[in-house]
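Below is one structure, written out as structure tokens; comments come after it.
Positions are given from 1 along the sequence. Heavy-atom basis, side chains included; hydrogens, waters and symmetry copies ignored.
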Amino acid sequence: MSYKAIALDLDGTILNSNKQVSENSKRVLQYISKPEFKNSDGEEVVVLLASGRAPYLVSPVEEALGIDCYLIGYNGSICFGRKSEGRNTVFSHSIDNSNLKAIFKYVEDHNLFLNIYGDGIVYGIDKPELAEKPRRYSIMTGATYKLIPSYSTLPNDFTPAKCLIILDDDKECDQLLETMRPLFPTLSLVKSNCMNKDYKQYYVEFLEHGVNKGTSVIDFCKAKSIDASKVVAFGDAENDNEMLEQSGLGICLANGTDITKSIANKVSQFTNDEDGVARELVKLFNLPEDLIQ
């Protein structure tokens with residue numbers, strides 16, 4: 001298969017454990033992104049960065065790679081075009097207000113910390129007893145918060161792209177996800193995580209019904225007239241599962257979760273700290289081997 005699009009998860013995939021893009025990854029993706037590079041069918045190959053992060057937190061990875069990418073944020077809720085295309089909105093989805101109020105009530109009743117993503121801002125309630133959760137989230141992702149005294153501070157017609165509960169324990173996250181899914185049947189609830197050498201966090205994410213990274217790949221392909229079978233996707237965690245399933249080739253890195261490995265078409269022998277994405281792309285596109293140094 002001659003692939004026309006490369007979809008990349010960020011944390012645990014194109015980013016190493018230090019939350020950085022390696023030099024090998026830069027060289028390989030810059031080589032593929034050159035105007036003169038074409039796949040075996042003579043087509044341009046485009047790169048999509050697909051993350052649960054807000055788009056403004058995805059763009060620094062694009063800058064670190066030194067290429068022009070499509071940006072998918074909030075686990076598939078929004079997609080922006082490349083810089084060369086004026087960074088137009090390719091598609092967007094949001095949580096309706098009635099569901100949003102139900103989420104607010106649940107987290108208030110159970111004293112949980114909730115990230116709310118809208119208008120390019122991450123909102124959260126200013127609670128001293130939960131302050132460590134957004135602090136660690138900011139350290140790991142670079143997010144900047146606007147802390148508010150209560151949810152009533154937000155406009156009545158506010159419809160965020162995504163909400164996210166921050167947890168510190170993997171099993172607690174699984175249990176909460178199992179509890180909450182029946183309570184919110186008209187939303188998509190997915191599990192994700194973020195970690196560095198100092199911290200680990202686990203998340204229950206709320207998205208518009210049917211929205212995930214997999215549907216974002218389908219939406220993108222429809223908008224750009226690309227067959228989904230010509231997408232190769234890379235990921236490592238549960239929120240990447242649908243993206244790996246919907247793409248023509250889904251590759252899970254060696255550091256991925258067991259569940260994600262089980263649904264991937266291929267499990268790389270390399271981790272995100274071993275340039276797994278770059279090494280797989282060199283083989284897949286038959287690139288010069290000296291790109292890996």
side-chain hydrogen bond (donor to acceptor under 3.5 Å, both in side chains) between Ser22 and Asn24, intermediate numbers included: CA-CA 5 Å; Ser22 73; Asn24 283 332; 5.2 Å; no
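- Lys146 and Ile121 make their closest contact through CB-CG2, 3.7 Å (heavy atoms, listed as atom of the first residue, atom of the second, distance).
- In the hydrophobic clustering (ILVMFWY side chains linked at under 4.5 Å, chained through shared members), Leu244 is joined by Ile263.
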Trace of the side-chain hydrogen bond (donor to acceptor under 3.5 Å, both in side chains) decision for Asn16 with Gln20: CA-CA 5 Å; Asn16 60 27; Gln20 296 175 336; 4.5 Å; no
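- Listed here is the closest heavy atom pair of Val204 and Leu177: CG1-CD1, 3.8 Å.
- Leu207 places none of its side-chain heavy atoms less than 4.5 Å from the side chain of Ile95.
- Side-chain contact of Asp227 with Ser229: a donor-acceptor pair under 3.5 Å is present, judged by distance alone.
- Nearest heavy-atom pair, Ala54 versus Tyr117, reported as atom, atom and distance to 0.1 Å: CB-CD2, 4.4 Å.
- Within the model, atoms CD1 of Ile78 and OG1 of Thr89 stand 5.0 Å from one another, a figure rounded to the nearest 0.5 Å.
- Aromatic pair Tyr70/Phe80: ring centres not closer than 6.0 Å.
- The minimum heavy-atom distance linking Ala233 with Ser247 is given by the pair CB-OG, 3.3 Å.
- Put simply, the side chain of Asp275 never gets that close to the backbone of Ile292: no donor and acceptor are under 3.5 Å apart.
- Aromatic pair Tyr199/Tyr137: centroids not less than 6.0 angstrom apart.
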Stepwise side-chain hydrogen bond (donor to acceptor under 3.5 Å, both in side chains) check, Asn39 with Ser2: CA-CA 6 Å; Asn39 64 18; Ser2 183; 3.2 Å; yes
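- Remark: side-chain polar atoms of Ser138 are paired, donor with acceptor, to backbone N or O of Ala143 under 3.5 angstrom.
- When only modelled atom types and interatomic distance are considered, Asn115 and Lys162 share no side-chain donor-acceptor pair under 3.5 Å.
- A donor-acceptor pair under 3.5 Å is formed between the side chain of Gln201 and the backbone N or O of Lys133.
- Partners of Glu62 by side-chain hydrogen bond (donor to acceptor under 3.5 Å, both in side chains), not counting sequence neighbours, listed by chain and number: Arg87.
- Ring geometry, Tyr3 versus Phe285: the interplanar angle exceeds 60°, so the pair is classed perpendicular (tilted spans 30 to 60°).
- In this structure, Ser33 contributes its side chain and Leu29 its backbone to a donor-acceptor pair below 3.5 Å.
- Nearest heavy atoms, Lys38 versus Glu44: CD-N, 3.6 Å.
- In this structure, Lys127 contributes its side chain and Gly124 its backbone to no donor-acceptor pair below 3.5 Å.
- The backbone N or O of Ala237 sits less than 3.5 Å from a side-chain atom of Asp240, completing a donor-acceptor pair.
- Asn265 places a side-chain N or O within 3.5 Å of a backbone atom of Gly250 that can act as its donor or acceptor partner.
- Annotation: side chain of Val58 is in contact with side chain of Leu10 (closest heavy-atom distance under 4.5 Å).
- Between Thr13 and Asn272, the side chains place no donor N or O within less than 3.5 Å of an acceptor N or O (distance only, hydrogens not considered).
- A salt bridge between Lys230 and Asp41 is present, with a side-chain N of the basic residue lying under 4.0 Å from a carboxylate O of the acidic one.
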Stepwise side-chain hydrogen bond (donor to acceptor under 3.5 Å, both in side chains) check, Asp11 with Ser51: CA-CA 8 Å; Asp11 299 294; Ser51 175; 4.8 Å; no
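- Aromatic ring centroids of Phe206 and Phe184 lie under 6.0 Å apart.
- Between the side chain of Lys191 and the backbone N or O of Tyr202, no donor-acceptor pair lies under 3.5 Å.
- Separation of the Tyr123 and Phe158 ring centroids falls under the 6.0 Å cut-off.
- Around the NZ atom of Lys26, the shell of radius 6.0 Å holds more than 12 heavy atoms that belong to other residues, nucleotides or ligands.
- The closest donor-acceptor contact from the side chain of Gln30 to the backbone of Arg27 lies at 3.5 Å or more, if one exists at all.
- For Arg181 (side chain) and Leu189 (main-chain N/O), a donor-acceptor pair under 3.5 Å exists by modelled atom type.
- Taking both residues in full, the closest heavy atoms of Lys261 and Cys252 are given as CG-SG, 3.6 Å, listed atom of the first, atom of the second, then distance.
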